[in-house]
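All values reported here derive from a predicted model rather than from experimental measurement. Only this structure's heavy atoms are used, side chains among them; waters, hydrogens and symmetry mates stay out.
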Amino acid sequence: MAAQTKSPEGSGGKTYYDELAVVREELDKCMKCGNCMAVCPVYGAERVESAVTRSKIAVAEAVLAGELALDDPQVYEMLFNCLVCKSCMTNCPTKVNFDRIMLALRAALVRKNGVPWLKKAIFSTLRHPALFDTGMRLGAALQGLAFRSEDSGRAILPRTPLARMGEKIGFDGERRLPALNDTPLRDRTDEVVRVEGAAMKVAFFTGDSLNYFYPETGRDLIEVLVANRIEVHIPKAQNCCGVPVLVHGDVETARTLARRNIDTFEATGCAYLITGCGSCGGAWQHDYPELLAADPVYGPKARHWAERTYDISTFLTRIVALRPPQGRIERTVTYHDSCHLKKSMKVAAEPREILRSIPGLVFKEMAAPDACCGSGGSYVLTHYETAGIIGRKKAEDIERTRADTVATGCPACMMQLLDNVNRTDGHQQVTHFVSLLAESYRREKSGSRSNR
């Protein structure tokens with residue numbers, strides 16, 4: 001499951017995170033054919049050659065040749081005007097691993113100039129989980145000062161002062177966001193949820209989004225595992241997966257977080273690690289083995305966990321036999337493929353199998369279910385106009401299905417879909433597919449036939 005990092009002769013065993021020259025092999029694969037143009041969401045929104053993958057590869061080649069400086073302002077903008085969604089890789093005839101090229105360039109930029117002060121201040125909190133947790137709780141307590149609750153209670157919107165100041169990064173008066181929860185997921189549940197006669201035990205990596213923004217979704221995931229006779233371990237000492245810092249080139253912070261997570265989950269004694277987020281799962285399956293490839297202690301541990309990490313949908317449909325849900329949910333549902341869930345973890349069929357197994361649920365496929373929604377983590381803040389164009393295309397595709405619910409497998413996608421469905425006057429409820437399965441199990445237990 002874990003990707004293997006090759007170290008070319010003369011690299012001293014370094015990975016592409018440590019030495020830009022390691023990606024030369026990937027650069028040489030590119031034929032500049034332009035097939036990436038057809039699927040790149042940034043090019044689709046901006047329609048300029050500099051947005052296309054082949055142009056970024058040409059820039060990387062010029063940097064390696066000494067013809068361009070990494071910190072040239074135009075080079076810098078090109079490096080970060082990318083969602084790292086891996087869409088280009090699915091349409092590449094020569095199988096260029098462009099994500100490696102992009103992450104290598106960003107890591108090289110940090111090695112040259114360090115982490116910018118604002119990012120450094122933010123990323124440093126992730127190195128200190130107690131400080132990060134305090135900040136998130138404080139944000140939850142004070143968010144009412146800057147945000148107001150939507151009438152339906154599904155979201156919060158910026159109040160007028162913030163809306164006026166934040167228009168350029170999408171914090172206008174129409175921006176809908178999930179509220180920070182005042183009681184995180186890991187405070188809502190025991191560290192071990194035991195099940196009488198459990199078939200096996202697994203560890204649940206919550207990630208930050210499920211812990212702070214969507215704790216109800218996290219509870220749903222735990223409930224689904226319990227309904228399938230699985231004992232669930234939720235270590236309170238786990239921290240961020242590291243993807244948010246890794247995509248900005250802060251490799252050392254990402255490595256620190258990876259090692260801590262590995263230590264924490266090894267202590268559980270569980271055979272499997274379950275995720276409900278494609279970025280988190282991709283970190284365990286691919287990023288950790290590559291980040292720690294040269295580490296004699298943590299490299300083997302990372303590969304061990306990579307082979308035992310599964311998205312909740314894959315675990316339920318491929319590792320154990322999903323207990324068929326019996327509770328009726330009479331909704332019309334469409335499904336959005338998270339980029340990292342489909343293109344990194346290779347999970348696409350499994351969530352659909354789960355949705356189709358729910359009695360009463362009508363599944364409608366959209367025209368381009370795996371088109372990027374435009375989130376990209378922090379990309380939606382740094383390039384909000386482009387992210388908005390991409391997001392509106394996705395919302396229009398959802399609307400054409402006439403579904404009343406859009407499900408996905410990624411909390412960050414849930415945030416982006418919530419905003420853009422509302423901006424296009426859509427009526428769809430945005431949810432994680434595991435929440436629909438949990439709802440079906442609950443209806444089965446209570447005998448309820450209600451739709452909502």
Side-chain angles (χ1 to χ4, degrees), residues 1-29 57 60-61 63-64 70 79 84 86 89 95-115 119-120 123-124 126-129 203 205 207 237-267 273 275 279-309 340 343-346:
M1 222 177 260
Q4 296 298 312
T5 303
K6 294 182 179 180
S7 299
E9 187 175 351
S11 71
K14 292 183 178 180
T15 72
Y16 61 92
Y17 289 114
D18 306 294
E19 179 60 59
L20 186 57
V22 177
V23 298
R24 170 62 70 186
E25 183 179 337
E26 294 297 334
L27 295 173
D28 290 343
K29 292 180 186 176
I57 288 176
E61 291 170 337
V63 168
L64 276 175
L70 262 175
L79 292 186
V84 198
K86 305 187 182 184
M89 293 162 57
K95 306 302 179 186
V96 177
N97 291 304
F98 180 67
D99 58 335
R100 291 184 176 184
I101 296 170
M102 182 53 66
L103 294 179
L105 287 164
R106 294 179 183 181
L109 181 62
V110 167
R111 286 196 303 276
K112 181 177 181 180
N113 292 342
V115 180
K119 290 181 183 179
K120 187 174 183 179
F123 296 168
S124 66
L126 294 176
R127 284 180 172 264
H128 303 90
F205 183 77
Q238 60 182 286
N239 50 222
C240 174
C241 67
V243 169
V245 296
L246 182 61
V247 297
H248 285 274
D250 190 353
V251 172
E252 292 313 311
T253 295
R255 282 179 171 141
T256 295
L257 297 175
R259 292 184 182 108
R260 287 179 183 171
N261 278 328
I262 289 170
D263 286 341
T264 297
F265 280 81
E266 286 213 330
L273 186 149
T275 63
S279 296
C280 292
W284 281 92
Q285 283 187 352
H286 303 286
D287 298 333
Y288 287 6
E290 294 184 341
L291 277 166
L292 303 171
D295 188 317
V297 175
Y298 284 91
K301 291 181 179 182
R303 291 189 291 274
H304 169 90
W305 282 106
E307 294 169 356
R308 290 160 178 81
T309 295
H340 286 184
K343 296 155 191 170
S344 181
M345 296 187 77
K346 310 301 181 186

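Between the CG atom in Leu20 and the CD1 atom in Ile101 there is a gap of 9.5 Å [rounded to 0.5 Å]. Rounded to the nearest 0.5 angstrom, Leu109 CG and Leu70 CG are separated by 5.5 Å. Here the SG-CZ distance, from Cys240 to Arg260, works out to 11.0 Å after rounding to the nearest 0.5 Å. Atom NZ of Lys119 and atom CG of Asp250 lie 9.5 Å apart (nearest 0.5 Å). Atoms CG and CH2, from Leu273 and Trp284 in turn, are 5.0 Å apart once rounded to the nearest 0.5 Å. To the nearest 0.5 Å, atoms CG (Leu27) and CZ (Arg100) are separated by 12.5 Å.
Between His286 and His340, every side-chain heavy-atom pair lies at or beyond the 4.5 Å cut-off. Here the side chains of Lys343 and Met89 are not in contact, with every heavy-atom distance at 4.5 Å or above. Contact annotation: the side chain of Tyr298 approaches that of Asp263 to within less than 4.5 Å [non-hydrogen atoms, C-beta and beyond].
No side-chain N or O of Thr264 forms a donor-acceptor pair with one of Asn261 less than 3.5 Å apart.
Closest non-hydrogen pair, Ala283 versus Val243, comes out as CB-CG2, 3.8 Å. Thr309 and Gly281 get closest at one heavy-atom pair: CG2-O, 4.1 Å. Residue Cys280 comes nearest to Thr275 through the heavy atom pair C-CG2, 4.4 Å, listed as atom of the first residue, atom of the second, then distance. Residues Gln285 and Ala306 come closest through the heavy atom pair O-CB, 3.4 Å. Closest approach of Leu79 to Met102, counting heavy atoms only: O-SD, 3.0 Å. Here the closest heavy-atom approach between residue Ser344 and residue Gly282 is recorded as OG-CA, 3.8 Å.
In this structure a side-chain-to-backbone donor-acceptor pair under 3.5 Å is missing from Glu290 to Thr15. The backbone N or O of Leu292 lies less than 3.5 Å from no partner atom in the side chain of Arg255, so there is not a single donor-acceptor pair. Between the Arg111 side chain and the Gly249 main chain, no donor and acceptor come within less than 3.5 Å of each other. Side chain of Tyr288 to main chain of Cys241: a donor-acceptor pair is present (N/O by atom type, distance under 3.5 Å, no hydrogens or angles). Of the possible donor and acceptor atoms, one in the side chain of Arg106 sits under 3.5 Å from a partner among the backbone N and O of Val247.
Ring planes of His248 and Phe123: tilted class, angle from 30 to 60°. Ring geometry for Phe265 against Phe205 counts as tilted: the plane angle lies between 30° and 60°, on a 0 to 90° scale.
More than 12 non-hydrogen atoms from other residues, nucleotides or ligands lie less than 6.0 angstrom from NE2 of His304. By the 6.0 Å contact criterion, NZ on Lys112 is enclosed, its count of non-hydrogen atoms from other residues, nucleotides or ligands being greater than 12.
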Next on the checklist: side-chain contact (heavy atoms from CB on, under 4.5 Å) for Leu291 and Leu246? Distances and angles first, verdict last.
Outcome noted: CA-CA 10 Å; Leu291 277 166; Leu246 182 61; 3.8 Å; yes
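For Arg259, the salt bridge (charged side-chain N to carboxylate O under 4.0 Å, His left out) partners at least two apart in sequence or on another chain are Asp295.
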